[in-house]
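Reviewing the structure listed below.
Treat the numbers as computed from the prediction; the structure is a model and nothing was measured.
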Amino acid sequence: MKPKALTEHDTGMLEFLEDIVGTSRFKVPIELLSKKVEELNELRVEKLNRVKLVEKEKDELEGPMKDALGFLRMENEKVEKTYRQRSRYILDAETNITKATEKKAEIEESVSDLTK
């Protein structure tokens, strides 16, 4: 007797022992489950390839993203410095207006003293 049958219809030592022990009844469910495992493995490989492709695309877009972020940071710094400059200009103008108003009040007061 051969150790294992060459075809499904032959009987080898393995098939003989399966019949005695009773494990041949598990043969069909095991084949069905192995087909299901094979299908799921194919699906897994497909998803894995898709993930690798997406990661590659993400890595390719990382450089332009960093360039865009650098540009936005520089623009933000430029706007912030312009804001500070104009705020300082407004503050200086308000100070000058206050000083001019005080000086005008002093002059009007001295003129009113002279006219009395």
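Between the CD1 atom of I97 and the CD1 atom of I90 there is a distance of 10.5 Å, given to the nearest 0.5 Å. Atom OG1 of residue T101 and atom CD of residue E94 lie 11.5 Å apart, to the nearest 0.5 angstrom. In this structure, CD in E31 is found 6.5 Å from OG in S34, a value given to the nearest 0.5 Å. To the nearest 0.5 Å, atoms CG (L33) and CG (L40) are separated by 10.5 Å.
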Contacts under 3.5 angstrom, residues 58-76 side chains, donor-acceptor by atom type, not counting sequence neighbours:
none

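Residues passing the side chain to side chain donor-acceptor pair (under 3.5 Å) test with E46: none are found, sequence neighbours excluded.
Within the 4.5 Å cutoff, side-chain heavy atoms of T82 are placed close to those of R86. Considering only heavy atoms from C-beta on, L91 comes within 4.5 Å of R88 through its side chain.
A salt bridge is absent between K35 and E39; no separation between the charged side-chain nitrogens and carboxylate oxygens falls under 4.0 Å.
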Quiz item: Could you walk me through whether K52 and K56 pass the side chain to side chain contact (heavy atoms under 4.5 Å, CB included) check?
Solution: CA-CA 6 Å; K52 287 180 182 178; K56 182 181 174 187; over 6 Å; no
